[in-house]
Asks: 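Please find one structure pasted underneath; my questions will follow.
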Amino acid sequence: MTKNRNRLWAVIAIVFIMFLVIALAVPFEKNNVYYLSLIFGIVAIVVQCVVMKIAFGKEGTPKSKFYGFPIAKIGFVYMAAQVILSFVFMAISKNCPTWIVVIIFVVLLGVSFIGFIAAEATRDTIEKMDNKLKNNTECMQNLRSIVYPLSGQAKDAKCKEELDKLAEEFKYSDPVSSEAIKNIENELSEMVDELQKAVVDNDSESIIGLCDKIKISLTERNRLCKLNKRNQ
């Protein structure tokens with residue numbers, strides 16, 4: 001991710017240097033249209049620098065920074081379009097009314113800002129959804145992380161078999177939690193803790209009994225999950 005950002009910064013720096021060199025070296029007609037084209041071209045490059053900060057400067061996960069690429073892309077499209085239009089209007093500055101240049105450049109800048117705002121709002125929405133999903137699946141992920149290795153810790157063959165079956169039940173259970181099933185998940189968490197202790201204590205009778213109870217509660221949880229989804 002850092003390498004990609006550095007490449008993008010390098011591209012911006014190259015565009016800025018090339019734009020200034022060409023704009024100053026070519027003998028364009030130095031009038032209002034020329035200076036407006038020069039100013040708006042520089043503004044577009046500066047805006048892209050700000051956009052890069054917004055897109056990738058946020059503290060967060062790599063995924064969050066990945067969502068910044070659409071924002072940066074809009075900035076690059078605007079910068080490229082403005083630089084090209086700046087050179088076009090510099091070339092025809094002698095015969096081009098100033099008001100046309102102002103309108104085109106301002107409209108282009110305005111449309112780009114609308115795009116930036118929309119892209120940033122979309123990123124915020126996606127990040128909120130990701131965080132919500134992560135929180136909603138955290139309970140089952142924690143329970144699975146406890147249940148899955150228990151079979152390998154059990155010494156009794158019958159217990160191993162029951163724990164394998166329980167792990168399979170968890171594997172195919174709905175991973176998403178909700179307020180409607182909070183109570184039953186709390187019960188599951190307590191029973192899984194008891195099961196873990198029973199495995200450590202090599203209490204075969206408790207292991208088999210708890211496996212049966214957890215399966216029943218897990219089945220009820222899955223039923224409530226389906227019912228809750230239908231009612232949404």
Asks: Working to the nearest 0.5 angstrom, can you tell me the gap between Ser37 OG and Phe87 CZ?
Replies: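 Rounded to the nearest 0.5 Å, the OG-CZ separation comes to 10.0 Å.
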Asks: Same cluster or not: are Trp99 and Val33 linked, directly or through other Ile, Leu, Val, Met, Phe, Trp or Tyr residues, by side-chain heavy atoms under 4.5 angstrom apart?
Replies: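 Hydrophobic grouping puts Trp99 with Val33.
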Asks: Determine, for Lys213 against Glu190, whether the closest basic-nitrogen to carboxylate-oxygen distance falls under 4.0 angstrom.
Replies: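 No salt bridge links Lys213 with Glu190.
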Asks: Do the side chains of Lys160 and Asp156 get close enough for a salt bridge, i.e. N-O under 4.0 angstrom?
Replies: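 Looking at Asp156 together with Lys160, the answer is no, because their closest N to O distance does not fall below 4.0 Å.
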Asks: Show, in sequence, the C-alpha distance, side-chain angles and deciding distance for Lys197 and Asp203, and conclude whether the side-chain contact (heavy atoms from CB on, under 4.5 Å) test is met.
Replies: CA-CA 9 Å; Lys197 185 177 183 302; Asp203 186 348; over 6 Å; no
Asks: When you group the ILVMFWY residues by side-chain heavy-atom contacts below 4.5 Å and let the links chain together, are Val26 and Phe16 in the same group?
Replies: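 Yes, one cluster joins them.
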Asks: Is the closest side-chain heavy-atom distance between Ile184 and Glu220 below 4.5 Å?
Replies: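 Heavy-atom side-chain distance check passes, below 4.5 Å.
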Asks: Check Ile71 against Ala119 and note the closest heavy-atom contact, atom names and distance.
Replies: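 Answer, listing the atom of Ile71 first, then Ala119: CG1-CB, 3.6 Å.
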Asks: Examine Ile117 and Val50 and state if one hydrophobic cluster contains both, with Ile, Leu, Val, Met, Phe, Trp and Tyr joined whenever side-chain heavy atoms are less than 4.5 Å apart.
Replies: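 Ile117 does not cluster with Val50.
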Asks: Please determine whether residues Ile22 and Ile17 belong to a single hydrophobic cluster, defined as Ile, Leu, Val, Met, Phe, Trp and Tyr linked transitively by side-chain heavy-atom distances below 4.5 Å.
Replies: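 No, it is not one cluster - the side chains of Ile22 and Ile17 are not joined through contacts under 4.5 Å.
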Asks: Would you give the length of the straight line joining atom CD of Glu168 to atom OG of Ser151, rounded to the nearest 0.5 angstrom?
Replies: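 Nearest 0.5 Å value for the CD-OG distance: 11.5 Å.
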Asks: How does the hydrophobic cluster around Leu163 look, that is, which other residues are in it when side-chain heavy atoms under 4.5 Å mark a link?
Replies: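 For the cluster that includes Leu163, the remaining residues are Met140, Leu143, Ile146, Val147, Tyr148, Leu150, Leu166, Phe170, Leu188, Met191, Val192, Leu195, Val199, Ile207, Leu210, Ile214, Leu218.
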Asks: Between CG of Leu36 and CD1 of Ile104, what distance do you get to the nearest 0.5 Å?
Replies: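 If I round to the nearest 0.5 Å, the distance is 11.5 Å.
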Asks: Sub-3.5 Å donor-acceptor pair from the side chain of Gln48 to the main-chain atoms of Phe76, do we have one?
Replies: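 Yes; at least one donor-acceptor contact below 3.5 Å.
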Asks: Would you kindly confirm whether Leu38 and Val21 end up in one hydrophobic cluster when ILVMFWY residues are joined by side chain heavy atoms under 4.5 Å apart?
Replies: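 No, it is not one cluster - the side chains of Leu38 and Val21 are not joined through contacts under 4.5 Å.
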Asks: Determine, step by step, whether Phe116 and Phe113 satisfy the ring-ring contact (aromatic ring centres under 6.0 Å, His included) criterion, reporting the C-alpha distance in whole Å, the side-chain angles of both residues, the deciding distance to 0.1 Å, and the verdict.
Replies: CA-CA 5 Å; Phe116 299 144; Phe113 269 105; 5.6 Å; yes
Asks: State which residues pass side chain to side chain contact (heavy atoms under 4.5 Å, CB included) with Val107; sequence neighbours excluded, sorted by chain then number.
Replies: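 Side chain to side chain contact (heavy atoms under 4.5 Å, CB included) list for Val107, sorted by chain: Ile103, Val111.
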Asks: Find the distance between OG (Ser217) and CG (Asn186) and round it off to the nearest 0.5 Å.
Replies: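 It comes to 11.5 Å.
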Asks: How long is the gap from SG on Cys96 to CG on Asn32, to the nearest 0.5 Å?
Replies: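 Those atoms lie 11.0 Å apart.
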Asks: About how many Å separate CE of Met90 and OH of Tyr35, when rounded to the nearest 0.5 Å?
Replies: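 So the OH of Tyr35 and the CE of Met90 are separated by 10.0 Å.
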Asks: Without swapping roles, check the side chain of Arg144 against the backbone of Ala167 for a donor-acceptor pair under 3.5 Å.
Replies: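 No: the side chain of Arg144 does not pair with the backbone of Ala167.
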Asks: If every non-hydrogen atom of Ser206 is compared with every non-hydrogen atom of Ala198, which pair is closest and at what distance?
Replies: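 So the two residues come closest at CB-CB, 4.0 Å.
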Asks: Ring centroid separation for Phe89 and Tyr34, is it under 6.0 angstrom?
Replies: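 No.
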Asks: Closest heavy-atom contact between Leu109 and Phe40?
Replies: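 Result for this residue pair: CD2-CE2, 4.5 Å.
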Asks: Is any side-chain N of the basic residue among Glu169 and Lys165 closer than 4.0 Å to the acidic one's carboxylate O?
Replies: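 No, this pair does not count.
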Asks: Given side-chain contact (heavy atoms from CB on, under 4.5 Å), test Asn142 with Glu138 step by step and report yes or no.
Replies: CA-CA 6 Å; Asn142 289 338; Glu138 191 171 1; 3.8 Å; yes
Asks: Between Asn31 and Ser93 (side chain of the first, backbone of the second, donor and acceptor by atom type, cut-off under 3.5 Å), is there such a pair?
Replies: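 A pair under 3.5 Å: yes.
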Asks: Considering all heavy atoms of both residues, which atom of Cys49 and which atom of Ile12 are nearest to each other, and what is their separation?
Replies: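 What the structure gives for the nearest pair is SG-CG2, 3.9 Å.
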Asks: Under the 3.5 angstrom rule, does the side chain of Lys30 hit a backbone N or O of Phe28 as a donor-acceptor pair?
Replies: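 Present.
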